[in-house]
Amino acid sequence: KFMKYYLNSDGSLFPKINRSWFGGFIRDSFDNILVEYTQEITENDQKHNYELWGLITGLELAIQMDIKNYRKFVYSQTI
């Protein structure tokens with residue numbers, strides 16, 4: 001049987017201070033967190049893509065870790 005993995009990602013925009021962040025983690029089916037990530041988006045033209053950057057970064061990490069069997073959970077109201 002294959003190990004199952006889960007990719008969780010999220011992002012936030014704080015318009016009053018004009019800042020946004022994204023982050024997430026990859027865990028296995030035993031709830032062990034294998035990797036966590038977070039980053040502030042500094043390019044002004046990308047600040048509204050915070051949810052998308054969270055997902056893209058998580059997918060890139062899964063590829064780097066050679067994880068192929070995973071489910072994605074995106075906490076988003078925008079994508």
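Throughout, residue positions are numbered sequentially from 1 according to the sequence presented.
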Same cluster or not: I67 versus I56, using hydrophobic residues (I, L, V, M, F, W, Y) connected whenever any side-chain heavy atoms lie under 4.5 Å apart? yes

Residue pairs meeting side chain to side chain donor-acceptor pair (under 3.5 Å), one or both in residues 62-74, sequence neighbours left out, come to D66-K68

side-chain hydrogen bond (donor to acceptor under 3.5 Å, both in side chains) partners of N44, counting only residues at least two apart: none

Single-linkage hydrophobic cluster I33~L55, side-chain heavy atoms < 4.5 angstrom: no

Side chain to side chain contact (heavy atoms under 4.5 Å, CB included) partners of Y37, counting only residues at least two apart: L7, S9, F22, T57, L61

Nearest 0.5 angstrom please: H48 NE2 to L13 CG, how far? 5.5 Å

Using a side-chain heavy atom cutoff under 4.5 Å and only I, L, V, M, F, W and Y, what cluster partners does I63 have? none

Can you pull the side chain to side chain donor-acceptor pair (under 3.5 Å) pairs that have at least one residue in residues 16-25, sequence neighbours excluded? R19-E40

Within residues 53-64 or reaching into it, pairs that qualify as salt bridge (Lys or Arg N to Asp or Glu O under 4.0 Å) - sequence neighbours excluded: none

Sorted by chain and residue number, the side chain to side chain contact (heavy atoms under 4.5 Å, CB included) partners of D45 (sequence neighbours excluded) come out as E43

Hey, could you give me the OH/CG distance between Y5 and N32, rounded to the nearest 0.5 Å? 10.0 Å

Those residues at least two apart in sequence (or on a different chain) that pass side chain to side chain contact (heavy atoms under 4.5 Å, CB included) with T38 are none

Co-membership, hydrophobic cluster, residues I17 and I41, 4.5 Å side-chain: no

Quick check: is F25 connected to F30 through a chain of hydrophobic side chains (ILVMFWY, heavy atoms under 4.5 Å apart)? no

How long is the span from the CD1 atom in I26 to the CE atom in M65, to the nearest 0.5 Å? 5.5 Å

